[in-house]
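Throughout, protein chains are lettered first and strands after them, A, B, ... in sequence-line order, and every chain is numbered starting at 1.
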There are 2 protein chains.
Amino acid sequence: MGSAILPHMPTMTSADLRIHNQVRLLRAVHDAPEPLTRASAARRMAIGRNTAAALVGELEEAGLLHEVPAESGGRGRPTTRLVPHPAGPIAFAADVREDSWTLAAIELGGAMRVLDTGEHDRTPGVFAEIREAVRRHATGRLAALGIAMAGPIRDGRRLHISHLGWDEVDLDEQLGADLPPTAADNDARLAGLAEARRGALRGVGTGLHFHIDFDIGGTLLLGGGAQRGAHNIAGEFGHMPLTGSPLRCMCGVQGCWSLDVGTNALMRHFGEEPGYGAGRGFARRVLERADDGDPEAARAVDRNAAALGRGLGALANALDPEAISLSGLGVDLLRRRRERVEEACRAGLMEFRRAEPPRIVEGTVGEIGPLRGAAEVAFDAILTPEWLRRRL
Amino acid sequence: MGSAILPHMPTMTSADLRIHNQVRLLRAVHDAPEPLTRASAARRMAIGRNTAAALVGELEEAGLLHEVPAESGGRGRPTTRLVPHPAGPIAFAADVREDSWTLAAIELGGAMRVLDTGEHDRTPGVFAEIREAVRRHATGRLAALGIAMAGPIRDGRRLHISHLGWDEVDLDEQLGADLPPTAADNDARLAGLAEARRGALRGVGTGLHFHIDFDIGGTLLLGGGAQRGAHNIAGEFGHMPLTGSPLRCMCGVQGCWSLDVGTNALMRHFGEEPGYGAGRGFARRVLERADDGDPEAARAVDRNAAALGRGLGALANALDPEAISLSGLGVDLLRRRRERVEEACRAGLMEFRRAEPPRIVEGTVGEIGPLRGAAEVAFDAILTPEWLRRRL
DNA sequence: TATTTTTGTTCTCGGTGAGAACATAACATG
DNA sequence: CATGTTATGTTCTCACCGAGAACAAAAATA
């Protein structure tokens with residue numbers, strides 16, 4: 001009783017109602033774990049089979065959906081599966097790591113195919129490479145582009161990626177004007193969105209996802225969407241002082257959680273200078289040594305895991321998630337030190353929350369989380385009444 | 001491009017479309033800063049004047065809206081103001097403080113009238129008093145009840161209020177079954193909701209509100225709604241370790257922000273035992289002495305303000321609010337130490353956020369924030385297609 | 001071969017909001 | 001005081017929608 005967000009209540013005519021239902025059908029096809037038929041779509045959408053038939057007919061006419069004979073499934077009249085139309089919209093998704101990039105194509109329903117990858121010199125010149133790759137692979141079906149970036153993107157277009165030395169890089173300027181509609185977002189957020197749509201947090205009303213690499217970043221997930229904030233730069237949970245570090249962070253603040261969780265913290269434990277690039281190998285070796293019984297490596301991993309748990313507990317007090325998923329190094333920490341993470345989390349929970357702590361789970365989308373999430377935000381731009389009105 | 005929350009897309013027929021528009025009109029009347037006319041409602045809703053006339057006619061017939069002659073406003077045919085129907089729904093709102101309670105009635109549009117107040121003995125017996133007061137004042141118009149509580153309410157009905165010694169108090173049990181549909185929520189969250197709907201955060205897409213009394217609690221506000229969490233117990237930002245306190249909090253965790261912000265922190269500064277009741281007077285006297293130049297009182301207020309700002313900075317990194325509003329002691333701290341709060345906030349912001357920090361503003365709803373918020377959640381339950389379908 | 005099950009197709013019905021045209025009632029101007 | 005202007009209200013027609021029922025079709029089962 002009493003929902004968190006006031007429902008969006010747009011102006012609507014009968015024609016708008018039709019578009020509304022066409023979008024619902026496309027969204028249902030896109031999100032369904034297994035292919036839909038007309039009758040199953042009608043049931044899922046609580047509409048008549050006549051209405052479903054009309055919607056499917058119009059979307060096929062518009063080159064958005066297609067029907068192919070379904071495998072025989074027992075008694076009853078044979079039916080068809082609803083699949084992406086051969087001329088239907090395709091989204092490109094790009095994932096920009098700090099020294100490499102990947103471009104993939106995704107169609108309605110989520111099937112993904114990697115088109116191109118490359119390395120880059122850590123300058124904004126990477127966007128020229130991506131632009132070129134998009135141009136090379138684009139067809140008339142290309143409808144939207146999603147881009148995952150390893151850092152915050154203020155207002156959706158101003159990049160601040162401190163470990164690449166980028167400050168106030170303007171994405172629109174870098175990409176130029178001849179790309180399809182483009183949405184860029186932070187890679188940790190997109191990884192979280194991927195878990196919410198197609199991974200460990202599917203169906204979760206309130207969730208948190210954290211990606212741990214050199215440091216930790218994440219996103220608050222609400223009803224299948226990611227909380228972006230006023231300027232699109234929410235999610236920097238790693239830059240909250242949750243574990244009492246006396247050190248100054250490279251973000252400009254003292255005491256960030258990121259100083260205690262992630263590869264940088266492992267490196268610092270051994271007196272190494274935190275940095276990027278070769279650090280991942282270092283973290284891998286620390287984990288291996290800890291597995292092999294090296295006490296100092298074990299201590300470093302213990303502290304990382306405890307710090308992770310402490311922060312998760314604090315965030316659970318504030319945001320009350322049903323589940324928390326982890327990716328990157330978070331999966332490694334969880335597999336090796338689940339009890340320690342959960343114990344530290346529990347210690348950070350207010351007394352009355354301890355009987356029912358949030359579930360802490362491994363993300364299931366894996367390393368393609370940012371790419372998968374970029375695909376989802378591209379399709380979010382497609383599966384709208386506005387886009388469909390222009391297409392019909 | 002790409003909204004945070006996936007839009008809710010319900011099944012809809014022509015009849016549903018009508019109900020949809022009737023709800024939109026009622027919501028518009030409820031939320032408008034000044035009374036609407038038919039023509040202004042039509043403009044605001046982007047519908048024809050004929051449709052507006054039909055909607056108004058049906059809602060008048062249903063006893064939900066009424067038209068009274070509007071004051072003459074220049075040239076043009078005289079029109080009418082849309083006002084609550086004399087037989088229209090009324091919401092009751094109750095605010096339960098730790099030793100007193102208030103009951104008020106609110107009609108569509110937000111006009112509020114206090115019906116009853118009382119003191120209570122800090123036991124759940126207060127609910128019998130409220131039940132009795134509701135019964136005494138109820139008429140056939142009573143449609144919903146909202147209740148503000150000074151503590152978390154798990155799953156909307158299980159109360160945990162540590163400073164009253166309540167643990168696992170079941171609200172449904174306490175209230176009985178013969179009240180109208182009831183929504184209970186935390187007072188800090190309801191105060192935030194009040195600011196979002198009718199106060200300092202009106203129109204803000206992403207906001208934070210904090211209420212400071214003995215400690216600090218708040219809520220994340222998104223699109224006019226409050227983020228509740230999986231079990232309705234989000235918002236305990238005060239129980240995150242944002243300011244490095246070594247102390248153990250009464251919530252069961254070490255290092256909570258609430259140990260450094262609020263009346264309890266002021267009391268502790270002077271070696272007083274944190275507690276409730278008389279503490280507010282103590283806080284008032286500390287503020288007055290600080291105003292009068294007492295150096296120790298000034299130091300205590302300085303530290304409180306600095307701790308407040310530090311925590312706000314950390315939360316701004318994580319949640320990226322456009323604005324942050326404060327109530328209770330927060331208004332006092334802001335008025336006296338705005339520079340200190342803002343400076344500490346800025347120091348806690350990541351470097352690239354400092355050019356555009358979130359606005360920090362005084363809440364404008366005032367002490368009736370929780371009551372006003374309780375009224376809003378009660379009306380959220382009324383202004384729905386489901387409620388309207390039953391009513392028509 | 002007949003029956004059952006599931007899905008597809010056709011038809012009619014009643015709902016909606018839009019837009020245009022006209023009507024009404026005020027105020028401003030000459 | 002008459003006329004024109006402005007803003008709103010009312011009426012009418014139109015074209016859109018989805019629902020529900022009935023019937024048709026194509027499979028599997030008995």
- Task: Have a look at N50(A) and say if it touches a base, only the backbone sugar-phosphate, or nothing, with a 4.0 Å heavy-atom cut-off.
- Result: base

- Roughly how many Å is it from CD in E71(B) to P in dA7(D), rounded to a whole number? 19 Å

- Taken to the nearest whole Å, CD/E67(B) to C1'/dT8(D) is 12 Å

- Query: So, E195(A) and R202(A), do they make that salt bridge, N to O below 4.0 Å?
  - Reply: no

- Message: Quick check on the 6.0 Å ring-centre criterion: do H137(B) and F92(B) meet it?
- Response: no

Hey, can you pull the donor-acceptor pairs under 3.5 Å for the side chains in residues 74-87 of chain A, sequence neighbours left out?
unit_1, atom_1, unit_2, atom_2, d
T80(A), OG1, E67(A), OE2, 2.4
H85(A), ND1, A87(A), N, 3.0

- Item | Spacing of R197(A) atom CZ and D380(A) atom CG [to the nearest 0.5 Å] | 4.0 Å

- Note on the structure: Ranking dA26(C), dT10(D), dA19(D) by distance to the side chain of T13(B), first place goes to dA19(D)

- Query: Taking the side chain of R77(B) as heavy atoms from C-beta outward, which of dT10(D), dT9(C), dA19(D) is closest to it?
  - Reply: dT10(D)

- Salt-bridge criterion met for E107(A) and R113(A) (N-O under 4.0 Å): no

- Query: Considering only side-chain heavy atoms of L17(B), which listed nucleotide, dC17(D), dT16(C), dT9(C), is closest?
  - Reply: dT16(C)

- side chain to side chain donor-acceptor pair (under 3.5 Å) contacts in which one or both residues fall within residues 51-62 of chain B, not counting sequence neighbours: R18(B)-E58(B), Q22(B)-E58(B), E60(B)-H66(B)

- Query: Can you check the M12(A) CE to dC16(D) P distance for me, whole Å?
  - Reply: 18 Å

- In Å, rounded to the nearest 0.5 Å, how long is the span from CG of L108(A) to CG of L383(A)? 6.0 Å

- Nucleic acid contacts of residues 33-49 of chain A, taken as heavy-atom distances under 4.0 Å to DNA chain C: R38(A), A39(A), R43(A), R49(A)

- Protein-nucleotide distance (L82(A), atom CG; dT7(C), atom P), rounded to Å: 12 Å

- Counting side-chain heavy atoms from C-beta on, which of dT7(C), dG20(D), dA25(C) comes nearest to T79(A)? dT7(C)

- R81(B) CZ to dT8(D) P, straight-line distance once rounded to whole Å: 15 Å

- Message: Both T11(B) and S14(A) contact DNA chain D. Taking the nearest nucleotide for each, which residue is further toward the 5' end?
- Response: S14(A)

- Look at the side chain of R75(A) and decide which nucleotide, out of dC27(C), dT5(C), dG8(C), has an atom nearest to it. dT5(C)

